[in-house]
Amino acid sequence: MQGEDGKYQIWLRFEIDSRPFVSFIIVKKYTEKNGGEQYTGEFNKTDEIYKMAESYISKEENEEYHRDGWWIDWFYVPSGGTEAEDPLPDFKLCNDAYFDLYEKDNYDAFVDSAVAEMKRMKERIKNFV
């Protein structure tokens with residue numbers, strides 16, 4: 001995307017902080033001192049920048065984007081929701097849902113749900129190539 005103050009990209013990511021989630025983030029391109037190009041999420045995101053990014057991402061009727069810092073939208077895995085409550089695995093507190101991942105069937109189901117959520121999010125990108 002090209003904005004008035006720079007070039008941006010939208011990235012689809014799987015992240016684990018304390019709980020695993022899938023997200024769209026917005027990053028801004030910059031040039032390093034040595035001339036190399038990099039991207040950063042550390043910049044002021046105006047309403048205009050969020051709206052520009054959101055124009056590339058479809059949403060369901062009555063659905064809200066979940067803007068927060070560099071995140072345009074995000075959902076926990078495997079629930080597909082935005083509430084951080086059990087039975088979501090917590091990788092910092094090591095709750096029961098976390099320890100359940102040590103069982104192969106639970107682990108496989110968790111990975112499958114993460115992949116399914118990534119695919120669902122990918123399908124929301126307008127004009128995806």
Side-chain angles (χ1 to χ4, degrees):
M1 302 177 305
Q2 180 69 42
E4 288 183 21
D5 66 336
K7 293 182 181 179
Y8 305 91
Q9 286 187 358
I10 299 171
W11 294 355
L12 173 59
R13 296 172 42 118
F14 174 76
E15 302 180 55
I16 297 176
D17 182 33
S18 58
R19 301 195 187 250
F21 62 99
V22 175
S23 65
F24 287 117
I25 63 167
I26 184 167
V27 293
K28 183 177 182 177
K29 187 181 216 177
Y30 71 94
T31 303
E32 295 179 304
K33 291 178 184 176
N34 67 4
E37 293 182 340
Q38 293 291 326
Y39 288 89
T40 182
E42 300 295 322
F43 64 95
N44 183 36
K45 287 131 197 105
T46 63
D47 192 53
E48 178 184 343
I49 291 170
Y50 278 121
K51 285 182 180 179
M52 179 178 48
E54 290 165 353
S55 73
Y56 291 92
I57 302 168
S58 66
K59 64 178 182 166
E60 305 256 336
E61 189 175 332
N62 300 321
E63 183 181 22
E64 300 284 329
Y65 293 107
H66 302 99
R67 295 179 183 180
D68 185 13
W70 71 347
W71 293 281
I72 303 164
D73 209 1
W74 58 273
F75 296 96
Y76 287 114
V77 173
S79 71
T82 58
E83 297 298 321
E85 55 191 40
D86 290 332
L88 294 172
D90 188 313
F91 286 78
K92 288 186 180 173
L93 297 178
C94 301
N95 62 356
D96 289 342
Y98 167 82
F99 284 111
D100 287 346
L101 296 177
Y102 284 91
E103 295 180 26
K104 182 178 179 355
D105 291 344
N106 294 336
Y107 176 80
D108 290 345
F110 173 78
V111 170
D112 290 346
S113 69
V115 170
E117 190 65 20
M118 290 281 292
K119 287 179 180 178
R120 185 183 75 81
M121 293 285 275
K122 182 185 93 171
E123 290 170 3
R124 293 179 57 201
I125 301 170
K126 296 177 182 175
N127 300 316
F128 185 80
V129 179

Which residues pass the side-chain contact (heavy atoms from CB on, under 4.5 Å) test with Asp47, sequence neighbours left out?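 Testing Asp47 for side-chain contact (heavy atoms from CB on, under 4.5 Å), a comparison that skips the adjacent residues, returns Lys51, Arg67.
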Tyr8 ring center within less than 6.0 Å of Tyr56 ring center: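 Between Tyr8 and Tyr56, which both carry aromatic rings, the centre distance is not below 6.0 Å.
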Under 6.0 Å between the ring centres of Tyr98 and Phe91?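 Centroid distance Tyr98-Phe91: below 6.0 Å, so yes.
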Please tell me whether [X] and [Y] are part of a single hydrophobic cluster in this structure, the criterion being side-chain heavy atoms less than 4.5 Å apart.
X	Y	value
Tyr30	Val27	no
Tyr102	Val77	yes
Ile125	Met52	yes

NZ or CZ of Arg124 within 45° of Phe24 ring axis and under 6.0 Å: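 Relative to the ring axis of Phe24, which defines the angle, Arg124 lies outside at least one limit.
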Which atom pair, heavy atoms only, marks the closest approach of [X] to [Y]?
X	Y	answer
Lys45	Gly69	CD-O, 3.1 Å
Phe14	Ala114	CE1-CB, 3.9 Å
Trp70	Gly41	CE3-CA, 3.6 Å
Ile49	Phe43	CD1-CE1, 4.2 Å
Ile10	Ala53	CD1-O, 3.4 Å
Pro20	Pro89	CD-O, 3.4 Å

Report the distance from atom [atom1] of [X] to atom [atom2] of [Y], rounding to the nearest 0.5 Å.
X	Y	atom1	atom2	result
Thr82	Glu64	OG1	CD	11.0 Å
Tyr39	Ile26	OH	CD1	11.5 Å
Gln9	Lys28	CD	NZ	13.5 Å
Asn95	Asp100	CG	CG	8.5 Å
Asp108	Glu103	CG	CD	11.5 Å
Asp90	Arg19	CG	CZ	4.5 Å

Would you please name every residue forming a salt bridge (Lys or Arg N to Asp or Glu O under 4.0 Å) with Lys59, sequence neighbours left out?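 Residues passing salt bridge (Lys or Arg N to Asp or Glu O under 4.0 Å) with Lys59: none at all.
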How would you list, by chain and number, every residue that makes a salt bridge (Lys or Arg N to Asp or Glu O under 4.0 Å) with Glu83, sequence neighbours excluded?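 Applying salt bridge (Lys or Arg N to Asp or Glu O under 4.0 Å) to Glu83 gives none.
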Identify whether the distance between the nearest side-chain nitrogen and carboxylate oxygen of Arg120 and Glu117 falls below 4.0 Å.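 Here Arg120 pairs with Glu117 in a salt bridge, since their nearest N and O are under 4.0 Å apart.
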Does the side-chain contact (heavy atoms from CB on, under 4.5 Å) test come out yes or no for Trp71 and His66, once each step is laid out? CA-CA 7 Å; Trp71 293 281; His66 302 99; over 6 Å; no
Answer yes or no: does atom CD of Glu32 have more than 12 heavy-atom neighbours from other residues, nucleotides or ligands under 6.0 Å?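 Atom CD in Glu32 is packed in, count exceeds 12.
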Can you list the steps and then say if Met121 with Ile57 is a side-chain contact (heavy atoms from CB on, under 4.5 Å)? CA-CA 9 Å; Met121 293 285 275; Ile57 302 168; over 6 Å; no
Angle class for the Tyr76/Trp74 ring planes (parallel below 30°, perpendicular above 60°, tilted otherwise)?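 Ring orientation of Tyr76 relative to Trp74: perpendicular.
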Taking Ser23 for the side chain and Ile25 for the main chain, is one N or O donor matched with an acceptor at less than 3.5 Å?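 Looks like no, no N/O pair under 3.5 Å.
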